[in-house]
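Residue numbers begin at 1 in each chain, while the letters A, B, ... track the order of the sequences. Computation of the quantities below employed the complete heavy-atom set of this structure, encompassing side-chain atoms and omitting hydrogens, waters and symmetry-equivalent molecules.
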Amino acid sequence: MNYDFLRIEQDWQEAWENGLKYKVEEVEGKPKFYILDMFPYPSGAGLHVGHPLGYIASDVIARYKRHKGFNVLHPMGFDSFGLPAEQYAIQTGQHPALTTKANTNRYRDQMKKIGFSFDWSREIMTSDPSYYKWTQWIFGRLFQAWFDRDAGKARPLSDLVTAFETNGNFSVNPACDDNWFKGLDMSLFPHFGENFAGTFTATDWNSFNKAQKSVLLMQFRLAYLADSEVNWCPELGTVLANDELKDGLSVRGGHPVEKKKMRQWMMRITAYSERLLSGLDDVNWTDSIKEAQKNWIGRSEGVVVKFRTSTGKSLKVFTTRPETIYGVSFIVLAPEHELVRELTTEANHQVVEQYLIVSGRKSERERQGDKEVTGVALGGSVLHPLTGNEIPVYIAEYVLIGYGTGAIMAVPAGDERDWKFAKHFNIEIPAIFDGFDTDLGVCSDDTAILKGSKDLNGKSKKDAITAAIEILESSGHGEKRVNYRLRDAVFSRQRYWGEPFPICYVDDIPQLIEDKLVNLPSVDAYLPTADGEPPLARAAKEDWPVFKGDRMETNTMPGWAGSSWYFLRFMDPHNSEAFCDRSKSDYWGQVDLYVGGAEHTTGHLLYSRFWTKFLNDMDLIGFDEPFKTMINQGMILGRSSFVYRVKGTSKFVSFEKRKEYQVQRLHVDVNLVDNDKLDLEGFKAWREEYADAVFILGDDGTYTCGHEVEKMSKSKYNVQTPDELVEKYGADTLRCYEMFLGPLTQSKPWDTQGISGVHNFLRKFVRLVSSAEDKDASVEELRIVHKTIEKVSSDLERHAFNTVVSAMMIAVNELGGLKESCSNSALKDLVILLSPYAPHLAEELWKEVGGEEFVIDAVWPEADSQYLVADEVTYPVSFNGKVRFKLTLPADTPADEVETIARLDENTLKHMDGREIHKVIVVPGRIINIVG
RNA sequence: GCCCGGAUGGUGGAAUUGGUAGACACGUCAGACUUAAAAUCUGAUGACCAAACGGUCGUGCGGGUUCAAGUCCCGCUCCGGGUACCA
């Protein structure tokens, strides 16, 4: 039998499809396994060889679990809203839906050719109205919800309204901005007056009109509108992301960019900070990802300390080092801090304004990149709460408005940045650490003893913190607080190709449009309007499939909206009554294994955890972490090939002789190179300029190329699409090879050099089966097969995909080396082991060895322990750790007997050469070590 | 700077709890088959010394623990990724 992979793969893909082999339904009583890949954005370039890496791994596990009797859910879909399609639409005028359709078709075809066991009947696309209808619906739930801090969970907004109606906001504790009441438009609430501190009574509430209630409720919704600063580029008429900026100019076109406050939809993810942190204990992810999320959430415990300003107001600072309170010699505010103008004296007015202009022009990223000490004194001061000393106030870029209270108490003796700042502005550095001259440098010793700190003198950091908190709290100057670095997420995009919001405005009050899908309207161009409104503002009233109120919301949702809940939709993809029927999500539950790149750590993985927790709070699903176990595959790098052109000629010299000439190194398409040997004719035909190339060959008569590992990229001609490899070697070879490359989680170079070895292995397998006979299996065969069953099963359980291929190679080599031909019965088990990796070939061989039905449904074999134990053990005998000779003994020889035999062996006597044996260590079954 | 990974032959990698370092594969070399090539098969292949038996060295570097270290501990170097004036 020949290995005709093209025919085999086509036949079986058809057979599976005709038999609906990968269609899956809930089956009561059968254990489920939900295995999911991070779904791709369908770009115009098609799938490259790096994409399938994770998909193959998950497919191997999906098929393995199927063999093990699980009901396996293994779906695939597309994250199909996104910028590239919109960019293309701007250039060509083609509707992004069309581009997206073409691209998804290509991706699907490519994936089908690789033989994945995806249930394509469950395919979803985030840009499909039947899908984003539910993204809008979930947004609606978030809009109609608040987070009850006392209960630690989200609740329907109606509960909050009831609370307000009965007791104002006195007896509820909703998650909100600390200063929510400061941002209110007070003209709406004339009777609150200037000193409004954020409390209102039931009588107040009940007297409010619709607009007033709407504004107040907006402060507590989980999806809410707020003014947020964006990078506005007037020239382009659009908002730019941080990566689209450089040196205060837009990357595209180099136009000036300014900060602008814009009314934007936000997601109150910060309400979930604590649960997002503690939930990490319940998932089986790598420590590095958990660590990154922890850092991103950035929990820190500290104290908010109040300082009284010279103008009589209270200035709050957040500190994690309250014990250094006596070392405070100045205060620094973020330039945007609300008290800046108030604390600026006449004399300093001009320099302060100057500083505000300069820092205001910089992007956040630039400000943070600048290591130079900058800042100015305001002239105003505050009083130290414990000493009563007058303390000057500065502004500086290194203090961020968005973190803590936007103000710090500077302790130059204990903080590097404060120290530099003090030195730069010649500010006093109070000495508060015993035995440290902090005029010379910062004290970073945690065991340092405090001095010059009144009640705290003589204490070390840990004790002093407790004492300082006690002092500050009891005197009313401070209170403990847990602070998070995590910020609420901006949920608006000024783009066309995203989910429209199910929101309209009536008298400027946002209204949720329920029970109606808000479809994207058609527009004449995908650009912002002349006055900077998002593209959707181009749609006239009649262009909107659904139009309500005075006007529709014209922002769209960000890329992460659809991907935050797609794993739920796969469970019930065609439901038009609900986002996902509860009985389905109860059956399938959490994703048991999630496979994808680590680059989504602080985006997708955090947002989908947030939405999952929310949906769980609303009792819409029964679990509160989406992804139980996760594997992150590594990056694939490209192996580029080079030719060497003799300068100024069209002569090309082979790698080994390149140093004899003056040469230019040029990238050459890797498809023209096989094992570093250049296809000369192919090269000439590649490009016109090489048509008359002349080659200076190596001594072996071939042209050898140079090579280097670098990022896989079109411009480096090192991109490999799976298509070519599937054509040349077959999908089964590609699947095995991608797994054989190395550990899945490590990033590694893509190099097709080794692919022939894997292809060879499959051919050897074919030959082995062709020559097999119907007869009883020999003990030798069974030993090999059962050893392999054991190895393959345990490797799959620990997700070691690469060593499985090696183990099967070894089995094939060993079986092929036996004197007798193999028996079909022994090979049957081996074919099942092969099927997760090379499913097409396994089906074909399954027929050969007399298997019934489809191999993909065969029961995974169990290793029989009687074939795993060897009769004999070959002990390496080492002397002081160095192996000198081998000793073969019956496997059941007791340890003391092994020792006696080893001691008396003539080789031992020779090696000891008359020296005395001090000690003999026998590790049964493993090693003997003689010390002497 | 901080956090997280990683470093093993010419190459990708294996060694799962401390127990024969280099499995498996590529490449290279030699051989068989062949008019020849391809395909296939067999053998060799970490470095150094040796005709051979065998020996010495060897898992980024320097120390340490241990009968025994790629694996554990301490201190570094380099590479990759993430993140950043976070109070």
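- Here the side chain of A:N802 pairs no donor or acceptor atom with the backbone of A:M739 at under 3.5 angstrom.
- Listed candidates were B:C67, B:U56, B:C26. Nearest to the side chain of A:R884 is B:U56.
- Under a 3.5 Å cut-off, the side chain of A:K748 and the backbone N or O of A:Q746 do form a donor-acceptor pair.
- In this entry the distance linking CD of A:E738 with P of B:G12 reads 17 Å, nearest Å.
- B:U11 atom C1' lies 15 Å from atom CH2 of A:W750, rounded to whole Å.
- A donor-acceptor contact under 3.5 Å is formed by the side chain of A:K791 with the base of B:U16.
- With a glycosidic angle further than 90° from 0, B:G6 counts as anti.
- Listed nucleotides: B:G55, B:A87, B:C24. Nearest to the side chain of A:T320: B:A87.
- The interatomic distance linking A:R321 (CZ) with B:A87 (C1') rounds to 10 Å, in whole Å.
- Distance NZ (A:K748) to C1' (B:G5): 14 Å, rounded to an integer number of Å.
- In the set B:U40, B:A15, B:U20, the nucleotide with an atom closest to the side chain of A:R767 is B:U40.
- Among the heavy atoms of the strands lying under 4.0 Å from A:S288 are primed sugar atoms or P, OP1, OP2 only; no base atom is included.
- One C1' atom belongs to B:C72, the other to B:A23, and the distance between them is 24 Å to the nearest Å.
- Heavy atoms of A:R926 sit under 4.0 angstrom from primed sugar atoms or phosphate atoms, though from no base atom.
- Taking each heavy atom of A:P322 and A:I469 in turn, the nearest pair found is CG-CG1, 4.1 Å.
- A:K461 places no side-chain N or O within 3.5 Å of a backbone atom of A:R321 that could act as its donor or acceptor partner.
- Pairing partner, B:G46: B:C57, with both Watson-Crick or wobble hydrogen-bond distances short of 3.5 Å.
- Nucleic acid contact for A:N295: sugar-phosphate only, since backbone atoms but no base atoms lie under 4.0 Å from a heavy atom of the residue.
- Of the possible polar contacts, one joining the A:D679 side chain to the A:G682 backbone as a donor-acceptor pair under 3.5 Å is found.
- Comparing A:R485 and A:I928, the nucleotide of RNA chain B nearest to each residue sits closer to the 5' end for A:I928.
- When only modelled atom types and interatomic distance are considered, A:D177 and A:N179 share no side-chain donor-acceptor pair under 3.5 Å.
- Contact check, A:N760 against B:U40: a side-chain N or O comes under 4.0 Å of OP1 or OP2.
- For A:N929, taking side-chain heavy atoms from C-beta onward, the closest of the listed nucleotides B:U20, B:G13, B:C67 is B:C67.
- For the C1' atoms, the distance linking B:A32 with B:G9 amounts to 28 Å, nearest Å.
- The side chain of A:P743 has B:G13 as its nearest neighbour among B:C67, B:G13, B:A25.
- With hydrogens and angles disregarded, no donor-acceptor distance shorter than 3.5 Å links the side chain of A:T270 to the backbone of A:R487.
- When heavy atoms are screened at a 4.0 angstrom cut-off, A:K294 is found touching no nucleic acid atom at all.
- Rounded to a whole Å, the NE2 atom of A:H759 is 24 Å from the P atom of B:G12.
- In this structure, the CG atom of A:N907 is 10 Å from the P atom of B:G54, given to the nearest Å.
- The 5' end of RNA chain B is approached more closely, in terms of each residue's nearest nucleotide, by A:L741 than by the other of A:L741 and A:I927.
- Between B:G13, B:A25, B:A87, one nucleotide has an atom nearer to the side chain of A:I408 than all others, and that is B:A87.
- B:C57 and B:A21 have their P atoms separated by 13 Å, with the value rounded to a whole Å.
- Taking atom NZ of A:K882 as the reference point, atom C1' of B:A21 lies 13 Å away to the nearest angstrom.
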Check the pair A:L830 / A:F765 against side-chain contact (heavy atoms from CB on, under 4.5 Å), numbers first and verdict last. CA-CA 10 Å; A:L830 211 59; A:F765 208 130; 3.9 Å; yes
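- Across B:U20, B:G12, B:G19, the shortest atom-to-atom separation from the side chain of A:V883 is found for B:U20.
- Nucleic acid contact for A:I921: base, since at least one base atom lies under 4.0 Å from a heavy atom of the residue.
- If you check every strand for non-hydrogen atoms under 4.0 Å, A:D287 touches nothing.
- B:G5 and B:G54 have their P atoms separated by 44 Å, with the value rounded to a whole Å.
- In this model, the phosphate group of B:A14 is approached by a side-chain N or O of A:N802 to a distance below 4.0 Å at OP1 or OP2.
- Checking B:C2 for Watson-Crick or G-U wobble geometry (two distances, each under 3.5 Å) identifies B:G82 as its partner.
- For A:R763 and B:U40, the shortest distance from a side-chain N or O to OP1 or OP2 is below 4.0 Å.
- Pair check for B:A87 finds none; no Watson-Crick or G-U wobble contact set falls under 3.5 Å.
- Judged by Watson-Crick or G-U wobble contacts below 3.5 Å, the nucleotide B:G9 has no partner.
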Please assess A:E479 against A:R481 for the test salt bridge (Lys or Arg N to Asp or Glu O under 4.0 Å), listing each intermediate value before the final yes or no. CA-CA 6 Å; A:E479 57 187 59; A:R481 169 146 130 196; over 6 Å; no
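- Taking atom C1' in both B:G58 and B:C53, the straight-line distance is 22 Å, to the nearest Å.
- One finds no side-chain N or O of A:K290 lying less than 4.0 angstrom from the OP1 or OP2 phosphate oxygen of B:G82.
- When the C1' atom is compared between B:A7 and B:G60, the two are found 6 Å apart, to the nearest whole Å.
- One P atom belongs to B:U28, the other to B:U11, and the distance between them is 15 Å to the nearest Å.
- The distance between atom CD of A:E899 and atom P of B:C67, rounded to the nearest whole Å, is 16 Å.
- The partner of B:C41, taking Watson-Crick or G-U wobble pairs whose two distances both stay under 3.5 Å, is B:G31.
- Judged by Watson-Crick or G-U wobble contacts below 3.5 Å, the nucleotide B:C67 has B:G19 as its partner.
- Contact between the side-chain N/O atoms of A:N813 and the OP1/OP2 oxygens of B:A25 is found at a separation under 4.0 Å.
- Taking atom P in both B:G55 and B:G22, one finds a spacing of 16 Å when rounded to whole Å.
- The residue A:V923 sits close to a base: some heavy atom pair falls under 4.0 Å.
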